[in-house]
Student: 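I'd like to ask you about the structure that follows.
What you see is a predicted model, and the numbers here were worked out from it, not measured in a lab. A note on names: the letters A, B, ... follow the listed sequences, proteins ahead of strands, and every chain is numbered from 1.
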Number of protein chains: 2
Amino acid sequence: MAIVDEMVCFSLYSATRATTRAYAELLAPWGLTYPQYLVLVVLWSDGEQSVNELGDLLQLDSGTLSPLLRRMESKLLIERKRVHSDQRIVTIAPTPRAAELRRELGHIPSAIAHATGLPDLESARELIATLQRLTTAMGELNPKDA
Amino acid sequence: MAIVDEMVCFSLYSATRATTRAYAELLAPWGLTYPQYLVLVVLWSDGEQSVNELGDLLQLDSGTLSPLLRRMESKLLIERKRVHSDQRIVTIAPTPRAAELRRELGHIPSAIAHATGLPDLESARELIATLQRLTTAMGELNPKDA
DNA sequence: CATTGAATAATTGCACACAACTTAGTTGTG
DNA sequence: CACAACTAAGTTGTGTGCAATTATTCAATG
């Protein structure tokens, strides 16, 4: 066992990249990336919302989202709209094509759930809870929380 | 709770980015990134080795490692050497400066261990084991294992 | 010995992440 | 109203990840 395998952080880093590669494989026929898929998931669930709200949910800033959303717009998956009452805000709305993808990509959650190799829903929930606690704890070390 | 928070993959993705930001914070005084730090950890532990071996341990290909190592070389942390007996192979050796950093960065493992918020070594080991199983399972979905 | 095939790094192109900065629009205060 | 402070999104620059390709070297085979 190599030294890095003793580290929590490396196993996290490694698991995330393996997961992203698995999503890339599943999403390739639609030319989507994992972060783009996450945007669709949020839009399917919560509907139209601002770039800021999207960034809060996904923990991504405009430096990441702006070009990502531009690519999704060019694929006709989302539509950008300026809010009349506050011209600073841009809302991101799913297009009819995005609704179609909700059906076409319906197989992905179960495919990924199976690919995790986790035995049951309970262990998945446990892992999620552990990771969320870790994320919160890590955030405390970051000065940007001030 | 947002929809993405119910997903194992998102909690992984999120935890990894939180961890990388925490490392970035700690490593900033030395101008190092987390992947660069990982290379140092491997070199400190196992000493000089080829780009391939480094890539096997960190699960990174030459497309990622080549420019990363070039940056580390320009910071005088590593030295590239062609192997005489096989001119295809490039070995990466830590410089004296890298050895210095081993001492200067000695506080980081415990700082990160504390920042994870994990209560004890046993729960850390458990999480690592779970993540390694998940990484392996995810790999099976990837055709590149063939 | 010449040719072919495999191995090893490096390069190229694309898509994130994220810090730092810019631009445009809004709000609060006098 | 004037204007500073704030906010939202976009832009820029750097550093990964990773697929695909290229260049070089080595090894095996006839």
Student: For A/Q36 and C/dC16, is the shortest distance between a side-chain N/O and OP1 or OP2 below 4.0 Å?
Tutor: yes

Student: Considering just the side-chain nitrogens and oxygens of A/R71, establish if one lies under 4.0 Å of OP1 or OP2 belonging to C/dC16.
Tutor: yes

Student: Sugar-phosphate atoms are those with a prime plus P, OP1 and OP2; base atoms are the rest. Using that split, label each nucleotide of nucleotides 6-12 of chain C B, S or - for protein heavy atoms under 4.0 Å, 5' to 3'.
Tutor: -BSSBB-

Student: Let me spell it out: for each of A/K75 and A/S85, pick the nucleotide of DNA chain C with the closest heavy atom. Which residue's pick is nearer the 5' end?
Tutor: A/K75

Student: Within less than 4.0 Å of OP1 or OP2 of D/dT16, is there a side-chain N or O belonging to A/Y13?
Tutor: no

Student: Is there a donor in the side chain of B/E48 and an acceptor in the side chain of B/T91, or the other way round, less than 3.5 Å apart?
Tutor: yes

Student: Do B/R21 and B/Y23 form a cation-pi contact, if we require the NZ or CZ to be under 6.0 Å from the six-membered ring centre and within 45 degrees of the ring's axis?
Tutor: no

Student: Taking only the side-chain heavy atoms of B/Q87 (C-beta and beyond), determine which of C/dC18, D/dC26, C/dC16 contains the nearest atom.
Tutor: D/dC26

Student: What is the separation between atom CG on A/L12 and atom P on D/dG17, rounded to the nearest whole Å?
Tutor: 13 Å

Student: Send over the distance from B/L27 CG to C/dC18 P, rounded to a whole Å.
Tutor: 15 Å

Student: Can you tell me the distance, in whole Å, between the CG atom of A/L68 and the P atom of D/dG10?
Tutor: 12 Å

Student: Return no unless some side-chain N or O of A/R17 is found under 4.0 Å from OP1 or OP2 of D/dC18.
Tutor: yes

Student: Is the side chain of B/S123 donor-acceptor paired with the backbone N or O of B/L118 at a distance under 3.5 Å, no angle test?
Tutor: no

Student: Give none if C/dG30 has no partner; otherwise give the nucleotide forming a Watson-Crick or G-U wobble pair with it, both distances under 3.5 Å.
Tutor: D/dC1

Student: Side chain of A/R82, backbone of A/R88: donor and acceptor closer than 3.5 Å?
Tutor: yes

Student: One thing to verify: whether A/E104 and A/R97 come together as a salt bridge, which I'm taking to mean a side-chain N less than 4.0 angstrom from a carboxylate O.
Tutor: yes

Student: If you count every heavy atom of other residues, nucleotides or ligands that lies below 6.0 Å from B/H84 atom NE2, does the total exceed 12?
Tutor: no

